[in-house]
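Chain A is the first sequence line, chain B the second, and so forth, proteins listed ahead of strands; every chain is numbered from 1. Below, all heavy atoms of this structure are taken into account, side chains as well, without hydrogens, waters or symmetry copies.
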Amino acid sequence: MNKIISLEQAMDLVHDGMTVMIPGFMGVGTPETLVDGLVEKGLQDLFIICTDTARPNVGIGKLIVNGQVKKLYASHIGTNPETGRMMNEGLIDVTLIPQGTLAERIRAGGAGLGGFLTPTGVGTVVEEGKQKIVVDGKDYLLELPLRADVALIRGSKVDKKGNIWYNAATRNFNTVMATAAKTVIVEAQELVEVGEIDPNNVMTPGIFVDYIVRGNA
Amino acid sequence: MNKIISLEQAMDLVHDGMTVMIPGFMGVGTPETLVDGLVEKGLQDLFIICTDTARPNVGIGKLIVNGQVKKLYASHIGTNPETGRMMNEGLIDVTLIPQGTLAERIRAGGAGLGGFLTPTGVGTVVEEGKQKIVVDGKDYLLELPLRADVALIRGSKVDKKGNIWYNAATRNFNTVMATAAKTVIVEAQELVEVGEIDPNNVMTPGIFVDYIVRGNA
Amino acid sequence: MMDVRERIARRVAKEFKDGDIVNLGIGMPTLVANYIPEGVEIIFQSENGFVGMGPAPQEGNEDPDIVNAGGLPVTVLKGAAYFDSATSFGIIRGGHVDATVLGALQVDEVGNLANWMIPGKLVPGMGGAMDLVVGAKKVILAMEHTAKGRPKILKECTLPLTARKEVNLIVTEMGVFDITPGGMFLREIAPDVTVEQIREATEADFIVSEHLKVMEE
Amino acid sequence: MMDVRERIARRVAKEFKDGDIVNLGIGMPTLVANYIPEGVEIIFQSENGFVGMGPAPQEGNEDPDIVNAGGLPVTVLKGAAYFDSATSFGIIRGGHVDATVLGALQVDEVGNLANWMIPGKLVPGMGGAMDLVVGAKKVILAMEHTAKGRPKILKECTLPLTARKEVNLIVTEMGVFDITPGGMFLREIAPDVTVEQIREATEADFIVSEHLKVMEE
């Protein structure tokens with residue numbers, strides 16, 4: 001089972017209108033090569049799930065500026081003024097989600113859970129339209145799972161079976177997103193032989209990974 | 001902040017009637033030194049949360065045989081005939097919980113969630129007394145978080161700040177239990193200096209660990 | 001005629017396709033690993049915390065930290081990955097396991113399964129079975145057709161259920177049955193039995209497939 | 001008189017005790033790290049995925065994989081640990097962070113906080129703030145007392161809330177307030193102001209503590 005494909009082959013798997021999860025915190029941990037592939041292909045009407053839209057010339061920011069994003073779930077858009085401008089002009093449909101809730105909703109999507117109860121957002125606009133459930137006298141919001149058509153992942157070290165090790169703060173949303181999409185494509189910063197990553201230290205088991213693309217970084 | 005204490009000091013922290021989480025799968029990953037401490041101290045009326053009761057002379061099995069357990073949450077008791085016998089004679093109050101639900105309830109307890117929705121157990125005796133919630137036309141059970149007074153953890157490598165690395169299949173319930181108790185005591189199979197575990201490969205950050213006891217194994 | 005258990009295990013082993021992630025229950029299902037056809041690479045998941053399980057070690061080479069879900073010593077293959085129980089059951093519940101093979105006390109014609117307790121007699125607990133049956137993409141039962149001459153494939157299960165309507169395939173020494181929303185179909189028949197003999201040994205109503213074949217060995 | 005921001009940061013830094021796990025928000029709260037008293041060891045959590053955050057690196061030594069929650073390069077100390085976003089917010093929501101320090105647009109006398117949006121003007125998103133305010137054991141606001149001469153400490157917040165009744169302590173350049181179920185108390189007063197001046201700059205009703213002290217510097 002060869003999982004290694006070219007960037008072009010990877011881009012053949014993503015289509016207009018798809019829901020795409022992209023990890024990264026202000027671009028750190030974002031698969032830049034794959035994002036550049038989306039930009040170059042000029043895909044339209046994407047529904048992007050990410051924690052922030054980075055900066056205009058970084059990571060997911062590039063998709064925003066290029067007008068490829070129709071719908072966005074994110075926790076923070078403040079570092080990319082273009083996202084706010086396009087939201088205000090009605091060009092992007094933005095839903096803001098608390099960062100912890102976003103991570104947990106994606107995890108739930110990957111773990112087969114129907115949802116979870118969180119205290120985050122109770123008594124704020126975040127609770128609008130959500131079921132409130134009382135447990136032990138405390139209010140919680142029922143938050144629902146998220147899944148995507150495609151997740152674009154960025155591994156610091158990836159072996160040829162797709163086992164991934166993430167360096168430092170690049171892990172962020174990579175691990176949960178790798179579990180929650182129909183097709184998972186990982187950009188390997190460093191591609192290594194099977195066995196080079198200690199099975200104890202694998203952070204995303206290769207069973208979650210469908211395809212591997214060599215990164216440029 | 002010195003976290004290293006003796007077994008005797010550790011046992012001073014556990015009292016009759018407490019709720020104690022003990023990890024391990026058929027004894028693998030169970031802190032045997034700490035369990036032996038509980039046996040030796042002869043604590044009574046313990047409420048033990050674990051996935052199985054191992055065998056009569058192994059791990060949690062020793063507490064069962066010694067008559068120290070009043071209440072038990074577990075997913076499997078079949079490998080220790082004493083547990084079943086004492087349950088049938090009304091000596092231990094046993095609640096059986098699907099293994100995945102048990103892991104997730106403990107995780108929820110440690111992660112500040114009020115509960116989660118799982119499809120596991122729908123249409124079985126497991127659903128008795130639980131709220132059923134329909135999401136997208138599918139039935140789920142609302143399962144509630146679990147927390148304990150004390151968690152007894154077993155680390156393969158532990159540094160002096162309490163950062164833990166687990167070897168092979170010993171990880172099982174250790175990671176979630178280390179997040180879900182008021183007092184967390186880890187038995188270090190190997191005690192190492194701070195910095196010897198790569199920060200990337202720490203599996204339980206030291207912030208979760210209150211005390212470290214040297215293991216005999 | 002070959003041993004009944006071997007015949008069942010051999011036939012189940014033919015259900016997988018290259019690259020499948022498979023969880024084998026304890027007992028007869030474990031034997032399936034011995035009969036995987038050449039050229040088919042299966043990744044075995046062990047719910048106590050890893051993928052990439054290999055065969056039992058040679059005597060004297062057992063690693064106490066590596067056991068399978070039955071608590072027996074095993075090995076891991078190159079490219080394996082370890083994880084904790086919350087992740088393991090996220091993999092299972094989240095539909096990332098292609099097939100699970102389990103034994104049964106009873107199964108009925110709509111795919112209800114009972115395999116975890118006999119009230120008043122045997123209460124080992126469900127362990128991970130409820131999560132596996134609900135979460136795996138395909139649920140395969142590897143079971144003897146009758147118990148002490150009495151049918152185990154029933155019109156309706158009488159023992160407490162493991163899960164409702166989740167069984168997809170039943171393999172016994174007499175034949176192979178598909179369970180579909182349209183009913184239960186006899187798809188293959190062992191070379192040494194007749195449909196009439198199967199009807200006698202089966203309480204459930206089943207439809208003989210138009211494409212009935214001789215059971216592969 | 002020292003710089004207003006320095007005064008606030010210095011005072012906040014005195015709130016911690018040895019071993020505390022602290023999350024600092026972006027902006028003024030970040031300055032607090034510079035004034036931790038000697039002999040007090042604080043473990044800083046960065047919600048994008050680690051504990052054990054150190055100071056900014058020397059120019060030229062930046063590691064692109066290590067940034068703080070503001071996206072700026074930082075270092076990690078010996079004994080640090082990295083994790084993913086689901087774990088990070090498990091730590092936050094689960095009450096494992098002793099204190100979080102944040103800025104505020106508005107706060108009111110029952111401890112409601114608004115710090116994430118100004119409708120029609122500024123909608124950066126809540127990022128991790130909602131989880132932090134709900135989850136941290138102690139919520140400390142580090143804020144200037146007024147904005148363009150207008151009170152920010154109100155009878156009731158008018159902007160969309162970040163969380164309800166979660167703020168415990170407010171530190172401004174004029175004084176220190178405790179928010180308790182019994183009301184809001186002025187606990188310390190800056191050496192260069194009077195209670196009367198604070199009343200004028202504060203819309204909220206507050207009680208002057210019987211033990212009013214001069215604000216530490």
Side-chain angles (χ1 to χ4, degrees), chain B residues 23-29 51-55 58 74-81 83-84 87-88 94-108 110-111 118-126 139 156 166-177 179 189 203-204 217, chain C residues 26 46-50 53 63-76 80-95 110 112-117 119-135 157 159-166:
Chain B
F25 190 93
M26 312 252 193
V28 176
T51 191
D52 63 64
T53 51
R55 289 184 291 276
V58 172
S75 77
H76 199 272
I77 58 172
T79 54
N80 187 340
T83 314
M87 175 177 75
N88 290 338
V94 177
T95 301
L96 292 166
I97 300 171
Q99 197 171 153
T101 298
L102 182 64
E104 200 67 20
R105 287 182 68 182
I106 297 167
R107 179 184 181 274
T118 180
T120 303
V122 170
T124 77
V125 297
V126 168
D139 284 348
S156 304
Y166 305 99
N167 185 51
T170 67
R171 204 179 319 178
N172 53 65
F173 279 74
N174 275 287
T175 42
V176 288
M177 288 180 172
T179 70
Q189 203 185 12
M203 295 168 184
T204 291
Chain C
I26 57 176
S46 193
E47 70 261 29
N48 53 318
F50 51 105
M53 182 163 56
D63 180 337
D65 286 354
I66 313 179
V67 298
N68 66 14
L72 299 173
V74 287
T75 54
V76 295
Y82 294 105
F83 32 75
D84 68 8
S85 297
T87 303
S88 187
F89 283 89
I91 289 171
I92 289 167
R93 215 192 299 100
V110 297
N112 293 330
L113 169 66
N115 75 344
W116 75 281
M117 75 173 286
K121 273 176 93 173
L122 180 76
V123 191
M126 67 293 280
M130 286 193 180
D131 300 281
L132 277 161
V133 174
V134 166
C157 290
L159 291 172
L161 295 184
T162 306
R164 275 190 199 278
K165 298 188 181 178
E166 297 284 357

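Counting heavy-atom pairs closer than 4.5 Å to chain C, the top-ranked of the candidates B:Leu96, B:Ile77, B:Asn172, B:Val28 is B:Asn172. Contact count against chain B (heavy-atom pairs under 4.5 Å) is highest for C:Asn48 among C:Asn48, C:Ile92, C:Val134, C:Asp63. When C:Leu132, C:Ile66, C:Asp84 are compared by the number of non-hydrogen pairs under 4.5 Å with chain B, C:Asp84 comes out ahead. Between chain B and the residues C:Glu166, C:Met130, C:Lys165, the largest count of heavy-atom pairs under 4.5 Å involves C:Met130.
Listed by chain and residue number, B:Glu127, B:Asp139, B:Leu141 satisfy the side-chain contact (heavy atoms from CB on, under 4.5 Å) test with B:Val122 (two or more places apart in sequence, or in another chain). A search for side-chain hydrogen bond (donor to acceptor under 3.5 Å, both in side chains) contacts involving B:Arg171 returns nothing, not counting sequence neighbours.
When heavy atoms are compared at a cutoff of 4.5 Å, B:Leu102 does not approach chain C at all. Only the side chain of B:Met87 has a heavy atom closer than 4.5 Å to any heavy atom of chain C. Neither the backbone nor the side chain of B:Thr51 comes within contact range of chain C; no heavy atom of the residue lies under 4.5 Å from a heavy atom of that chain.
In the model, B:Thr204 has a side-chain atom that pairs as donor or acceptor with a side-chain atom of B:Tyr166 under 3.5 Å. Between the side chains of C:Asp131 and B:Thr120, at least one donor N or O sits under 3.5 Å from an acceptor N or O.
Here the straight-line distance linking atom CZ of B:Phe173 with atom OG of C:Ser88 works out to 9.0 Å at 0.5 Å rounding.
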